[in-house]
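I have placed the structure first, in the form of structure tokens, so that the comments after it can refer back to it.
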Amino acid sequence: MLAQQIAVSSAESVVAAARGRSLLTAQDAAARQLSAARDALWVAEQTGDHDSRDAALAAVTAAQVEFTRVTDAAIEEMRGIARAEDARLAGLVAQLRRAWTTPDADDGAASPLDPHE
């Protein structure tokens, strides 16, 4: 039972880390889009073309909104992942404590996972 919980915990950690990387990738993409929109605005301002500037400013505003949306969603999801991971690890620690304090059914000795042996 304990070995199975450890294996499941390890697998869930791998999945959580992969999701975190995916969220970071999405945030990086939104940041690059915002940076490109700001660069385009700078170029439009240098040309003095008001229509280009207005279009570029609208693009910056839209990119900022998207960056904020992606970032806020990533933060919320990572908070949820962290809470789930905390709960999962707390359960695993509780199971380890029980294993360490429960005598072995065969010979009455402490569990082989006992760190004090």
Side-chain angles (χ1 to χ4, degrees):
M1 174 70 175
L2 181 57
Q4 183 180 17
Q5 276 188 295
I6 291 170
V8 168
S9 179
S10 294
E12 288 176 349
S13 289
V14 169
V15 170
R19 182 60 184 148
R21 285 189 299 276
S22 175
L23 292 169
L24 182 58
T25 298
Q27 186 181 24
D28 285 345
R32 283 191 302 277
Q33 288 176 338
L34 177 57
S35 180
R38 286 178 177 157
D39 289 346
L41 176 61
W42 184 85
V43 169
E45 287 174 341
Q46 299 308 306
T47 66
D49 179 6
H50 293 291
D51 290 338
S52 294
R53 183 192 169 283
D54 291 346
L57 186 56
V60 167
T61 300
Q64 181 65 56
V65 167
E66 179 63 7
F67 175 76
T68 300
R69 184 195 67 75
V70 168
T71 299
D72 290 350
I75 289 169
E76 275 308 304
E77 187 168 345
M78 286 308 299
R79 282 181 179 161
I81 289 169
R83 283 190 299 270
E85 192 146 326
D86 286 348
R88 182 179 43 75
L89 289 174
L92 187 58
V93 167
Q95 181 64 29
L96 284 167
R97 284 189 180 132
R98 284 190 295 275
W100 288 341
T101 59
T102 302
D104 190 358
D106 294 335
D107 60 9
S111 167
L113 296 175
D114 191 342
H116 303 293
E117 288 187 343

Donor-acceptor pair between R53 and Q46 side chains, under 3.5 angstrom: no

Hydrophobic side-chain clustering at under 4.5 Å (ILVMFWY, transitive links): who's grouped with L41? Put none if nobody. L34, L57, V60, F67

CG/L92 to CZ/R97 distance, rounded to the nearest 0.5 angstrom? 11.0 Å

Distance in Å, Q95 CD paired with Q4 CD, rounded so as to fall on 0.5 Å steps: 10.5 Å

Supply the atom-to-atom distance R69 CZ to Q64 CD, rounded to the nearest 0.5 angstrom. 13.0 Å

Roughly how far, to the nearest 0.5 Å, is CZ of R32 from CG of D39? 13.5 Å

Using only atom types and a distance under 3.5 Å, with no angle test, would you say the side chain of T47 pairs donor to acceptor with the backbone of A44? yes

Can you list, pair by pair, the side-chain donor-acceptor contacts under 3.5 Å of residues 22-29, counting residues two or more places apart and other chains?
| from | atom 1 | to | atom 2 | distance (Å) |
| --- | --- | --- | --- | --- |
| S22 | OG | R19 | NH1 | 3.2 |
| T25 | OG1 | R21 | O | 2.9 |
| Q27 | NE2 | T71 | OG1 | 3.0 |

Check: residues 78-85 side-chain donor-acceptor pairs under 3.5 Å, at least two apart:
| from | atom 1 | to | atom 2 | distance (Å) |
| --- | --- | --- | --- | --- |
| R79 | NH1 | E76 | OE2 | 2.8 |
| E85 | OE1 | R88 | NH2 | 3.3 |

